[in-house]
Amino acid sequence: MTKEQRKTNCHFCGYCCAFTATVEDGRVTALEPDPTRYPYDDRILAGCQRWRMNLDVLDSAQRVNYPLKRVGERGSGQWERVSWDAALDEIATRLVALREEHGAGVLASMIGGPHTSFWPLHRFMTLFGSPNNVGIGQICWNPRIWMDVLTFGWTVEADITDETGCVLIWGTNPAESDNSAFWRALLKVGKDPTTKLVVIDPRYTRTARAADLWLAPRPGTDCALALGFIHVIIEEGLVDRAFVDEWCHGYDELAAEAEAYAPARVAELTGVPVEDIVAAARMFAGPHGGAYPSALVSGRGIDQVGESVAPTHRAICCLRAITGNVDRPGSCVLAEGSDFTAEADLELTLRFMDELSPLCLNTPYTPLQCYEGFAKVEAITERFGRKLPVRYLTSAHPDLVLRAMETGDPYPIRALVVEATNPLITYADTHRVYEALRSLDLLVVLEYYLTPTAALADFVLPAAGAIERSIFQAHGGVANMAYGGPKAVDPYYERKSDYEIFRALGLRLGQAEEWPDATFEDAIATTLAPCGMTWEEYCEKGIYHRHPGYFKHLVLDENDSPRGFATMTGKVELASEMLDALGGQRVPKPGTPRKLCSPELIASKQAEGFVHIPLITGSRKQPYNASMYFNNEAFRQRSPYPVVEMSEATADSLGFTKGETVVVATDRGEARFILDTVAMCDNLINVDYGWWHPEWQMAEPDLGGMWESNINCLTACDLGPTELMIGTWSYNAIDCMIGHDDTTLSWTEKG
Ligand SMILES: Nc1nc2c(c(=O)[nH]1)N[C@H]1C(S)=C(S)[C@@H](COP(=O)(O)OP(=O)(O)OC[C@H]3O[C@@H](n4cnc5c(=O)[nH]c(N)nc54)[C@H](O)[C@@H]3O)O[C@H]1N2
Ligand SMILES: Nc1nc2c(c(=O)[nH]1)N[C@H]1C(S)=C(S)[C@@H](COP(=O)(O)OP(=O)(O)OC[C@H]3O[C@@H](n4cnc5c(=O)[nH]c(N)nc54)[C@H](O)[C@@H]3O)O[C@H]1N2
Ligand code: SF4
Ligand SMILES: [Mo]
């Protein structure tokens, strides 16, 4: 018997904490936090409810351990265990036949949150010849990346230091979504009387509770709020004139736009009191304008508000710029591209741009989020040696991909690879996704578990998870940072890492030349080579990181002139020349919220006693993560059912009672929840997302109970009413009908 201690990492959230595994005869028998490696912090582990699950998940009875092939009707739950060779040979043969019949665009892929390295999938897709990668691109971080890049030439990070005078947290709730050093830092800021913490969120979250000032705008009105801050800062002479005069382009245009956003009007538009608008603007700008640096972090709350998403992010960028909070210590600092090979190069997309471009479905619908738009912006950032995360910034719009599946227009998409996502639960418009997936000729799902999505597959391929695969978390290459570490053991049973699976498939499709590294670890060693770190050093430290430094626009170029910003004008663009050139807005103007209830639905539901009300969905909560961890018994006991939240005053005035079952509906569909009352904006509801029953039979018609409390049965992703540069659809700031329901929710029958 052998017994060894091995370094490894957890991957139950994006933080990838370091652990030491005790390995006996190829099996992990114990796991202990590793205080020697990034990002060790005993408070993080104390606050984490998940890390002890690692051993159970590694050998859970519910894991898929062998390749499965569908033998019955699609969704019938009848599977045959097949060998890897049989599965991959058949998938490869069918893909080649489909490509011959319909062209390379016939294959699409879908991904989810940052659960694994997605570049092997995208390298496979690129070499196959298809640009049809659908993912979270338009609704998660991506709007921020785009607008940061168009305004500053690269993405911006908060640099919270002792000098920071104010931290503004906008539409993010790290208390629930990010149990990390960042949340710990905010708790410290909250307690520090010399640093102001401002939180902007319609709900009184744990993050809001830590704040000096909490602003609760009505969802989707944040762009008006940001323009209101800009208005106050200009009126009160708090603008950093020196920075604006020398380094900003389009100040007068922005000022003219902000003119119309006096606090009284903004208070009406947003529901935030005038005095709070003024106080927050003063706190961020500093008492004499630029007296101290301020940092700003935004999140998903403002990433998913459809038409308003780009202007909101742009207004926030302008707010940073006019207060001089750009690349100054303690403020908002421009990240740097990675010293190691960027994901854009690993995916090979840039190299095959010319072949992929003509098949790009997004052209001309979303002129920024498409291959042409990407190429225009990339040409500018490239001058500074920065490679943008192409897979996010070109991800195909789900409306267009679903349409190509449904109708064959403009060409048929007949096959789909799904990796580390559960689109029947997490993508918008479940009914539509369901019909489209059912209609496919070939659906391949790489998973840990038989999820509702996997239940519809032709092949389910068993994916290796953390501990049994190495981790290289690189944030798409927008920061000079990667972290993670080695696997402790080889995958259990016949599971394989995602890298192994796509390489094996690639080899069958004649891609051998482009997959020179036999293992993921070899591939990471190659990736790290340019920054001078070996794989062994990376495993030892758990991180590669280089701080980007400050005032980088002042670095002298070859002509001894300050190099400026990587934008069309070389300055921070308060008026965006690129958006203008693409047919978008030069300066930010708020859009209108997405309506999902037709007058007919409103009338018919009102007749049944329903109420028409604004809706936000999916605000993060521990212990779950999107559609994951519902199979954890302890979690289920602690957080037993999906909820709709509203304020007590709203419940009272609308006649709802805490604990009752309610039904929520739009034109797209409906779902049921248990009502809870919490501190939040009045006349608004917040609905959980991700809920299904992993313990139920994973076959039609129930598909793991996914129709009961799945909020994405109500949402939509159609292109028309979205933001038209990126194509962001709405998970927040939508409308719905809510009413009483006499049915007993299946979740409440248990126990
Ligand atoms: N209504 C609404 N919808 C939303 C959101 C919202 O707020 N509201 N949020 C959106 C956002 S921001 C995101 S990022 C998405 C998240 O959506 P998803 O990423 O689709 O959600 P998860 O439940 O995290 O799905 C992950 C699936 O991947 C599997 N998995 C985990 N790790 C691995 C791995 O290493 N390899 C493989 N092959 N599989 C793995 C898990 O078992 C799980 O079934 O949801 C989006 N959808
Ligand atoms: N526990 C848990 N943690 C997670 C995840 C998870 O599913 N569960 N998912 C991971 C992923 S994929 C992501 S992208 C991150 C997201 O992490 P966060 O950015 O923190 O995301 P949310 O909690 O969805 O949204 C933040 C806040 O935005 C508020 N909000 C909603 N609409 C608006 C609006 O119109 N304006 C403003 N100002 N605020 C609004 C909500 O009330 C919510 O409190 O979390 C990650 N961490
Ligand atoms: S914080 Fe995240 S990565 Fe760290 S132990 Fe918890 S779940 Fe795992
Ligand atoms: Mo996300």
Side-chain angles (χ1 to χ4, degrees), residues 14 111-114 118-119 122 133-158 170-172 178 222 296-305 308-321 326-327 332-338 342-344 347 349-350 362 366-371 373-382 384-397 473-482 548 565-568 572-573 576 578-579 582 584 588 722-729:
I111 62 163
F118 288 115
W119 63 260
H122 294 110
N133 299 301
V134 194
I136 53 170
Q138 290 90 342
I139 47 92
C140 183
W141 305 123
N142 176 343
R144 198 197 91 185
I145 296 176
W146 265 133
M147 296 306 132
D148 281 0
V149 169
L150 293 188
T151 311
F152 302 110
W154 199 247
T155 63
V156 174
E157 307 288 341
W170 205 319
T172 183
D178 174 312
D222 301 82
L296 191 157
V297 179
S298 71
R300 201 202 49 85
I302 54 167
D303 276 346
Q304 304 181 341
V305 289
S308 283
V309 77
T312 303
H313 282 280
R314 280 271 299 133
I316 287 176
C317 290
C318 294
L319 177 66
R320 290 169 169 137
V326 183
D327 240 12
C332 304
V333 169
L334 266 69
E336 278 285 17
S338 52
E343 284 196 6
E347 291 161 4
T349 321
L350 299 174
N362 292 2
T366 51
L368 183 59
Q369 176 93 14
C370 64
Y371 277 72
F374 177 86
K376 286 189 186 123
V377 180
E378 171 79 5
I380 301 172
T381 63
E382 184 81 89
F384 283 36
R386 295 168 179 159
K387 297 250 165 82
L388 285 164
V390 60
R391 85 172 139 87
Y392 281 106
L393 301 184
T394 59
S395 57
H397 201 282
Q473 178 89 295
H475 298 288
V478 292
N480 196 359
M481 182 184 197
F565 295 88
T567 59
M568 280 174 82
V572 174
E573 296 202 349
S576 172
M578 182 62 80
L579 282 176
L582 294 172
T722 56
E723 190 286 325
L724 283 176
M725 284 290 119
I726 307 173
T728 300
W729 54 98

Taking side chain as C-beta onward, heavy atoms only, is W170 less than 4.5 Å from L319? yes
Looking only at heavy atoms, which two atoms of I726 and P143 are closest? And how far apart? CD1-CA, 3.8 Å
Drop me the distance from K376's NZ to M568's CE, to the nearest 0.5 angstrom. 9.5 Å
If you define the side chain from C-beta out and look only at heavy atoms, does anything of R391 sit under 4.5 Å from N133? no
Partners of W154 by side chain to side chain donor-acceptor pair (under 3.5 Å), sequence neighbours excluded? none
Against Y371, only a single residue in L393, N362, T394 fulfils side-chain contact (heavy atoms from CB on, under 4.5 Å); can you say which? T394
Heavy-atom side-chain contact between L368 and L150 under 4.5 Å: yes
Residue pair T155 / R144, side-chain donor-acceptor N/O under 3.5 Å: no
In sequence, state the C-alpha distance, the side-chain angles, and the governing distance for E378 and K387, and then conclude on side-chain contact (heavy atoms from CB on, under 4.5 Å). CA-CA 7 Å; E378 171 79 5; K387 297 250 165 82; 4.0 Å; yes
Going by side-chain contact (heavy atoms from CB on, under 4.5 Å), C317 matches just one of V149, V572, T151. Which one? T151
Quick check: do T172 and D178 have side-chain heavy atoms less than 4.5 Å from each other? no
By side chain to side chain donor-acceptor pair (under 3.5 Å) - contacts of D303 (at least two apart): H313
Within the structure provided, determine whether H475 and E343 are in side-chain contact (heavy-atom separation under 4.5 Å). no
Any D148 side-chain heavy atom under 4.5 Å of R320 side chain: yes
Residues which pass side chain to side chain donor-acceptor pair (under 3.5 Å) with H397, listed by chain and number, not counting sequence neighbours: none
Taking the side chain as C-beta and beyond, is there a heavy-atom pair between F374 and L350 under 4.5 Å? yes
Would you check if F152 and D327 make a side-chain contact, meaning some heavy-atom pair closer than 4.5 Å? no
